[in-house]
Amino acid sequence: MNNNIIKIRQRDDKDQAIKDAIFAFSGGEKSILIQGEGKEISTAVEIAEILKQRMFPSIQISNVNLGSRPYYQRGRKQRRRNKNNFKKDIISQIEIEISKRI
């Protein structure tokens, strides 16, 4: 966890992310940003909902941002030196901001 940002990289990170968020809120943080991309978007949403249910009514989902970024994948049978061998695609992203109610 970096400051108040939790990045979800694997499904296995779910329990640790929940613990990190609970500790951050009990340590005085006012808001936390949960980030997920690709197939981990559903995990990020699950974490936000679990936190909302466990800490209700003290927190709320204050903002959700959706977007995408370029994703480059190199073909298997292609040379490494040729930059045109990279396949450009996009990967979806989500950012969920959870904050304490005032």
Item to check | Worked check of side chain to side chain contact (heavy atoms under 4.5 Å, CB included) between L66 and S92 | outcome: CA-CA 8 Å; L66 301 173; S92 300; over 6 Å; no

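- For the pair N4 and S31, the minimum side-chain heavy-atom distance is below 4.5 Å.
- Shown here are the side chain to side chain donor-acceptor pair (under 3.5 Å) partners of S62, two or more places apart in sequence or in another chain: S99.
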Donor-acceptor contacts, no H, no angles, side chain residues 43-57, under 3.5 Å, sequence neighbours left out:
from	atom 1	to	atom 2	distance (Å)
T43	OG1	R11	NH1	3.2
T43	OG1	E40	OE1	2.9
E46	OE1	R11	NH2	3.3
E46	OE1	K14	NZ	3.0
E46	OE2	R11	NH1	2.8
E46	OE2	R11	NH2	3.0

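- Sequence neighbours left out, not one pair with a member in residues 91-102 passes salt bridge (charged side-chain N to carboxylate O under 4.0 Å, His left out).
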Checklist entry - Could you walk me through whether I5 and Q35 pass the side chain to side chain contact (heavy atoms under 4.5 Å, CB included) check? => result CA-CA 7 Å; I5 298 174; Q35 296 178 338; 3.7 Å; yes

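- Residues I94 and N65 fail the side-chain proximity criterion, which asks for heavy atoms closer than 4.5 Å.
- With hydrophobic clusters built from ILVMFWY side chains whose heavy atoms lie under 4.5 angstrom apart, V64 shares a cluster with I59.
- The two residues F25 and I32 come nearest to each other via the heavy atoms CE1-CD1, 3.6 Å.
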Item to check | R69 and E37: CA distance, side-chain angles, deciding distance, salt bridge (Lys or Arg N to Asp or Glu O under 4.0 Å) verdict | outcome: CA-CA 9 Å; R69 68 169 178 83; E37 58 182 33; 2.7 Å; yes

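- I8 and A17 make their closest contact through CD1-CB, 3.8 Å (heavy atoms, listed as atom of the first residue, atom of the second, distance).
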Next on the checklist: Test side chain to side chain contact (heavy atoms under 4.5 Å, CB included) on D13 and Q10; report intermediate values, then the result.
Outcome noted: CA-CA 5 Å; D13 295 344; Q10 299 177 355; 4.1 Å; yes

